[in-house]
2 protein chains.
Amino acid sequence: MLRLTKKADYGLIALKYLAEQSTNGAQSAKDIAEAYHIPPQLLAKILQTLAKSGLLVSHAGTNGGYALARSAHDISAFEVIRAIDGPLFITSCITIHGTCDLHGTCTIKEPLRKVNDSIKELLSGIRVSDLIEPIEDSPAAALAGGLVSIAL
Amino acid sequence: MLRLTKKADYGLIALKYLAEQSTNGAQSAKDIAEAYHIPPQLLAKILQTLAKSGLLVSHAGTNGGYALARSAHDISAFEVIRAIDGPLFITSCITIHGTCDLHGTCTIKEPLRKVNDSIKELLSGIRVSDLIEPIEDSPAAALAGGLVSIAL
DNA sequence: AGCAACTCCGACCGCATTGGTCTTGCTTAC
DNA sequence: GTAAGCAAGACCAATGCGGTCGGAGTTGCT
């Protein structure tokens, strides 16, 4: 259920790495890939996508590479996932056009949309900076954006 | 992002229908399929899966069909989705064996697992019975299981 | 300025999964 | 016995994910 793609995984890992190494200037796709044993060319493509989305800035040439466009604290996991996987939704009922392909007889669309929004808020509350420090369960809870309510 | 399969959609729709028609005895797969313009044979396969998972009871023969095994109030959306789509997880890092394929260097596994659990709780709080009545935003909020907290 | 190394960038491809169909066999009610 | 309905399996097409390849542009060094 609810699988997000490997690309999104890689993207998050890369962003975390870039956040950690932000003082060392730009990091090349190859370096990041080697650090985590990720297929280099695949990661390169992911980073390109993120750069096109404005989350990263790219710098070509020798000693070039990628760097965060914003502070790690201002980039949410939701933005990253949406940039990579596209604006997909929890259910096929909810398309980009908002229309349901079930001839208007789909009756579970609205409840699922609420779930969709809740998940969206959930992910929006998670920042790249939150991924860095080792997890401290209790105190980080407040930091993470706290509570997400679901109203059916 | 976070798409759940069309099969799960169909399954939820069918369960909602069965909950509504629970007083009329068993409903055949064909009837449900026609009511919502769903491919009959596909829905049949989905209902078989749900029956095998113990969420539905099947009754063969004339006037046979499917009925809810439990009260609509006791079946959560999470159970339905898991029964149909299997025990998949939000990220490829979290496999059934709990091992990460990134050679132990995956550093975002733990945060994402928390997200995974939160979504699981979110869906567990939604019952089939909640899908039936038209959405009343405010009062239903409390009914739906209330608040899901995420601790990073 | 010219060269060479480095890095980004876009197009391309195989394969797994999903959505959907067909066929056959078994069970039950009338 | 027959018709209605479930059960179960193989089978097929398409979408999209994961991964690869070659090219174009930029930078630093001499």
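Both backbone and side-chain heavy atoms feed into the values below; hydrogens, waters and symmetry mates do not. Order of the sequence lines fixes the chain letters, A, B, ..., with proteins taken first and strands second; residue numbering starts at 1 for each chain.
Looking at heavy atoms from C-beta onward, B:Val115 lies in side-chain contact with A:Leu123 at the 4.5 angstrom threshold. By the 4.5 Å heavy-atom criterion applied to side chains, A:Leu15 and A:Leu56 are counted as neighbours. In this structure, B:Leu122 and A:Leu122 have side chains that are not in contact, with every pair of non-hydrogen atoms separated by 4.5 Å or more.
Separating the CD atom of A:Gln48 from the P atom of D:dG18 is a distance of 16 Å, rounded to the nearest angstrom. Between A:Lys45 atom NZ and D:dG22 atom P the separation is 15 Å, expressed in whole Å. Rounding to whole angstrom units, CG of residue B:Leu43 and C1' of D:dG5 are separated by 14 Å. The CG atom of B:Asp31 sits 13 Å away from the C1' atom of D:dC6 (whole-angstrom rounding). Look at CD1 on B:Ile38: it is 9 Å from P on C:dG20, rounded to the nearest Å. In this entry the distance linking CD1 of B:Ile32 with P of D:dG5 reads 12 Å, nearest Å. As rounded to whole Å, 15 Å separates atom C1' of C:dC6 from atom CD of A:Gln27. Between A:Leu42 atom CG and C:dG14 atom P the separation is 17 Å, expressed in whole Å.
Between B:Asp117 and the choices B:Lys114, B:Lys120, B:Arg113, the salt bridge (Lys or Arg N to Asp or Glu O under 4.0 Å) rule is met once, by B:Arg113.
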The dot-bracket string of DNA chain C, counting Watson-Crick and G-U wobble pairs with both distances under 3.5 Å, using [ ] for crossing pairs and | for pairs to another strand, is ||||||||||||||||||||||||||||||
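When all heavy atoms of A:Ile84 and A:Gly11 are compared, the pair lying nearest together is CD1-CA, 3.8 Å. Here the closest heavy-atom approach between residue B:Ala19 and residue B:Ala72 is recorded as CB-CB, 3.7 Å. Nearest heavy atoms, B:Ala33 versus B:Pro40: CB-CA, 3.6 Å. Shortest non-hydrogen contact noted between A:Ala44 and A:Tyr66 is O-OH, 3.9 Å.
Along DNA chain D, the nucleotide nearest to A:Pro39 and the one nearest to B:Ala29 differ in position, and the one closer to the 5' end is contacted by B:Ala29. Toward the 5′ end of DNA chain C lies the nearest nucleotide of A:Gln41, the other residue of the pair A:Gln41 and B:Lys7 mapping further downstream.
Although no hydrogens or angles enter the test, the distance criterion places a donor-acceptor pair under 3.5 Å between the side chain of A:Ser71 and the main chain of A:His73.
A heavy-atom distance below 4.0 Å to DNA chain C is reached by these residues of residues 54-66 of chain B, ordered by number: B:His59, B:Ala60, B:Gly61, B:Thr62.
An OP1 or OP2 oxygen of D:dG19 is reached within less than 4.0 angstrom by a side-chain nitrogen or oxygen of A:Tyr10.
Residue A:Lys30 is out of contact with every strand shown, counting any heavy-atom pair closer than 4.0 Å.
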